[in-house]
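Values reported hereafter were calculated over all heavy atoms of this structure, with side chains retained and with hydrogens, waters and symmetry mates removed. Not measured: the values here are computed from a predicted model. Start at 1 and go down the list; that is how both ligands and their atoms are numbered.
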Amino acid sequence: MDTNDTGRIRDFLDGFRWDRVAHLPYKEEGSAPFKDITRQVLFADPRLHCELRYFEMAAGGYSTLERHAHMHGVMVLRGRGECLVGGEVRAVKPYDLVSIPPWTWHQFRASRREPLGFLCMVNAERDRPQLPTVEELSALRADPHIAAFLDGRSAS
Ligand code: MN
């Protein structure tokens with residue numbers, strides 16, 4: 001008998017994949033704007049009340065610009081990129097930690113040359129993300145650093 005058939009211990013594999021973890025699309029296509037991003041749900045046992053996911057965007061890829069009542073705890077694991085959290089745009093590198101408070105606009109972007117992969121901790125029960133309205137987007141764009149980030153001009 002394979003002593004590792006309980007799923008309690010799953011191997012890390014080449015290419016930032018894990019044994020017995022499905023490689024999923026980030027979201028339903030067309031539900032919100034995003035580019036070249038995949039999702040792997042590493043832990044989702046209901047007894048945990050939280051999930052740990054690994055998201056990875058290819059060079060030039062980005063997550064959806066969104067906000068919601070639930071929080072995220074993020075640890076970068078791979079590559080280079082930038083994130084927007086509220087009014088702040090910051091370069092991120094492996095092992096950096098990013099806290100995303102409730103109702104705070106956030107987005108991740110891989111650099112133009114490298115992918116960006118990160119772990120994201122989230123409540124199992126959570127509200128649906130909101131996308132910015134035209135007015136909210138122009139308010140964000142009033143800051144030139146944020147406008148450059150949103151246009152993909154700031155990531156190296
Ligand atoms: Mn989010």
Side-chain angles (χ1 to χ4, degrees), residues 12 15-18 21-112 114-156:
F12 180 61
F16 277 80
R17 303 283 288 262
W18 285 266
V21 173
H23 203 246
L24 302 165
Y26 172 58
K27 288 179 179 171
E28 252 174 73
E29 205 65 51
S31 61
F34 60 87
K35 183 169 186 273
D36 292 338
I37 174 165
T38 60
R39 170 172 61 105
Q40 296 179 77
V41 180
L42 308 180
F43 295 98
D45 189 309
R47 295 169 294 184
L48 280 171
H49 305 290
C50 69
E51 294 180 6
L52 188 67
R53 301 90 49 87
Y54 175 74
F55 293 100
E56 189 173 296
M57 45 212 81
Y62 51 84
S63 64
T64 302
L65 173 62
E66 62 179 31
R67 68 177 181 180
H68 36 65
H70 62 273
M71 292 186 64
H72 294 307
V74 167
M75 179 191 268
V76 177
L77 271 197
R78 179 185 197 183
R80 286 285 185 281
E82 286 189 306
C83 66
L84 167 69
V85 182
E88 194 177 5
V89 174
R90 281 279 294 272
V92 289
K93 60 182 189 310
Y95 317 119
D96 286 351
L97 302 175
V98 181
S99 297
I100 298 163
W103 297 115
T104 304
W105 296 115
H106 57 282
Q107 186 174 41
F108 286 83
R109 284 183 173 267
S111 80
R112 280 193 281 266
E114 282 186 75
L116 178 68
F118 58 84
L119 296 171
C120 179
M121 182 170 62
V122 71
N123 290 107
E125 266 187 52
R126 53 188 183 269
D127 59 318
R128 264 185 98 80
Q130 283 183 359
L131 305 181
T133 63
V134 171
E135 293 75 26
E136 287 164 339
L137 200 53
S138 53
L140 283 164
R141 283 182 167 282
D143 180 325
H145 294 110
I146 295 177
F149 171 87
L150 294 174
D151 294 338
R153 286 184 281 115
S154 56
S156 51

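At distances below 3.5 Å, at least one donor-acceptor pair connects side-chain atoms of His106 with backbone N or O atoms of Glu66.
To the nearest 10 degrees, the angle centred on the Mn ion (ligand 1) between NE2 in His72 and NE2 in His106 reads 100°.
Nearest N, O or S atom of Glu66 to the Mn ion (ligand 1): atom OE2.
The existence of a salt bridge linking Glu136 and Arg67 is confirmed by a sub-4.0 Å separation between a basic side-chain nitrogen and an acidic carboxylate oxygen.
For residue Cys120, no N/O/S atom approaches the Mn ion (ligand 1) to within less than 2.8 Å. Here His68 meets the criterion, with an N, O or S atom under 2.8 Å of the Mn ion (ligand 1).
Residue Met121 qualifies as open at atom CE: its count of foreign heavy atoms under 6.0 Å is 12 or below.
Interatomic distance, Asp151 CG to Ile146 CD1, rounded to the nearest 0.5 Å: 12.0 Å.
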